[in-house]
Amino acid sequence: MDKGALASALGSPSVFGQSQFAFVRGNAFEARVKADGGAELLRLVHERLDRGARPPAEARVEVPDLSATGPEGRAARTSLALREATGTPGAWTLLDHPMLALEVAGSPAFLEPDAVVVHPDGTWTVVEIKSFPMLDGSADPAKVGAAARQAAVYVLALEQVAARLDPAPRVRHRVLLVCPKDFSNLPTASAVDVRKQRAVTDRQLARLTRIDEIADALPEGVCFSPEQPAEELAASVEAVPATYAPECLSACELAFHCRARSREAGAVTCLGRPVRAELGGLSTVGDVLAAARGEAGDPDDPAVAALRRAARLRAEALATAGAGTGEVSACR
Ligand code: SF4
């Protein structure tokens, strides 16, 4: 489902994603990197990843048209272009915004890398273009890590395309990350090894529960179409358990909706996953306070014992502070 549309229909639109300014700036930078038939982009690929090959400026360069109707059509067109490019040795081929299909939990997910380059030796490289700066050759590690995880998913999708060709071309596990140089708008690039991220993502994808199994487990009549009346939609969403945590705010379009629902229920997960882990079986703020006051909870439970001790210490501290205030008042 489109979770952004669902969040808006539920009355809690997400602010998840890039700001409009960053979006426009990113697009302008990408257009600059790909100008002149991708001359600068291919130069960077040659310089950072394949110095032994003939430079693109001296070789044949292809930029195939990948337009087609719908994601399936675009994915098929991309596969065809990759097959043709791999069968044209000696040429560099730039695939601008190809469409790749990756099977996720038994269902195809369509992915659109910024670019894929087919080298003269027939190997394939994923290119990611980002608008965060590379200062003195290095960029924010958190942002580079996120870009590497994203590129690793594209590598996996490309490997599925490659596996259908005979012989299967090699998908390079070093991707090219292109960023603005220092504080300018000039592109610079770095090769990023994504073997680790690829292996982790591959394992995670293999462990995912299939979408049809998840759908089978839903209550009868549940539907998430944003077009249906708001009350029915809210009831459908309510029918599915959710465990909100503040981490959702940076990762999920439904975060505002789930946060409101979680606060209404007094769920301790609102306070973060580490707090929830410390509290064991106490899942609501009400349970925690009752356990601290000695009104509920098993005294042998380490979480309950720790809460009661904390409550005792707090009461003692407040009593001491109160007594201290009294002394000061008396002195005056
Ligand atoms: S609990 Fe978190 S991840 Fe799950 S739907 Fe809600 S916001 Fe998204």
Side-chain angles (χ1 to χ4, degrees), residues 1-3 17 26 30 33-34 38 41-42 45 49-50 62-87 92-119 121-130 143-178 189-212 214 251:
M1 77 178 104
D2 178 345
K3 286 198 289 177
E30 183 175 335
V33 172
K34 291 179 176 171
L41 177 52
L42 290 171
V45 174
L49 292 170
D50 200 1
E62 303 281 349
V63 185
D65 176 15
L66 300 177
S67 51
T69 311
E72 289 91 351
R74 288 181 60 203
R77 182 73 198 89
T78 296
S79 298
L80 191 65
L82 283 165
R83 180 193 297 264
E84 285 171 1
T86 310
W92 289 89
T93 304
L94 170 64
L95 277 74
D96 184 4
H97 281 286
M99 181 65 77
L100 304 171
L102 177 69
E103 196 178 296
V104 177
S107 180
F110 292 97
L111 313 165
E112 192 175 339
D114 290 330
V116 168
V117 170
V118 180
H119 296 239
D121 64 359
T123 53
W124 302 353
T125 288
V126 169
V127 177
E128 259 311 288
I129 301 170
K130 297 292 181 197
K143 289 179 177 167
V144 174
R149 286 192 294 279
Q150 186 182 350
V153 181
Y154 300 147
V155 166
L156 282 169
L158 268 183
E159 285 177 343
Q160 289 190 359
V161 179
R164 291 195 288 273
L165 302 185
D166 187 21
R170 179 167 70 88
V171 180
R172 292 175 177 241
H173 289 170
R174 291 177 84 215
V175 303
L176 191 76
L177 176 63
V178 184
S190 181
V192 180
D193 188 336
V194 298
R195 272 178 301 179
K196 198 169 140 209
Q197 292 85 349
R198 183 206 159 279
V200 169
T201 308
D202 199 24
R203 277 201 300 277
Q204 286 173 340
L205 287 175
R207 282 206 302 261
L208 283 180
T209 310
R210 290 179 61 86
I211 289 176
D212 45 12
I214 296 172

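Bear in mind the structure is a predicted one, so any value in this text is a computation, not a measurement.
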### Task
Grab the two heavy atoms, one from Ala115 and one from Leu41, that are nearest each other, plus how far apart they are.
CB-CD2, 4.2 Å

### Closest approach of Ile211 to Val104 (non-hydrogen atoms, all atoms of both residues)
CD1-O, 3.9 Å

### Query
Taking C-beta and beyond as the side chain, do Val118 and Thr86 meet within less than 4.5 Å on heavy atoms?
yes

### Message
Do Asp114 and Val127 have side chains that approach each other closer than 4.5 Å (heavy atoms only, starting at C-beta)?
### Response
no

### Any Glu62 side-chain heavy atom under 4.5 Å of Trp92 side chain
no

### Task
Answer yes or no: is there a donor N or O on one side and an acceptor on the other, between the side chain of Arg77 and the main chain of Asp65, under 3.5 Å?
yes

### Summary
Closest non-hydrogen contact found for Tyr154 with Glu112 is OH-O, 3.8 Å

### Message
Please evaluate residues Glu159 and Val155 with respect to the criterion side-chain contact (heavy atoms from CB on, under 4.5 Å), reporting the C-alpha separation (whole Å), side-chain torsions for both, the decisive distance (0.1 Å), and the verdict.
### Response
CA-CA 6 Å; Glu159 285 177 343; Val155 166; 3.9 Å; yes

### Message
In the structure I gave you, are the side-chain heavy atoms of Asp50 and Arg172 within less than 4.5 Å of one another anywhere?
### Response
yes

#### Entry: Closest contact, heavy atoms only, Arg174 versus Ala191
NH2-CB, 3.5 Å

### Query
Below 4.5 Å, heavy atoms only, C-beta onward: do Ser79 and Arg164 meet side chain to side chain?
yes

### Query
Donor-acceptor pair, Thr125 side chain versus Val117 backbone, under 3.5 Å?
no

### Query
Mind checking whether Gln204 and Leu208 have side chains closer than 4.5 Å, heavy atoms only?
no

### Message
Using side chain to side chain donor-acceptor pair (under 3.5 Å), reason through Gln197 and His173 one step at a time and then give a plain yes or no.
### Response
CA-CA 10 Å; Gln197 292 85 349; His173 289 170; over 6 Å; no

### Query
What closest approach, in Å, do Glu72 and Phe110 show between heavy atoms, and which atom pair accounts for it?
CG-CZ, 3.7 Å

### pair Arg149-Thr201: side-chain heavy atoms closer than 4.5 Å
no

### Task
Please examine the side chains of Lys34 and Val63, heavy atoms only from C-beta on, and report whether any two atoms are closer than 4.5 Å.
no

### Query
Out of curiosity, Leu49 CG to Thr123 OG1, how far, rounded to the nearest 0.5 Å?
9.0 Å

### Task
For Ala168 and Ala163, work out which heavy atoms get closest and say how close.
CB-CA, 4.4 Å

### Summary
To the nearest 0.5 Å, atom OG1 of Thr78 lies from atom CG of Leu66 at 5.0 Å

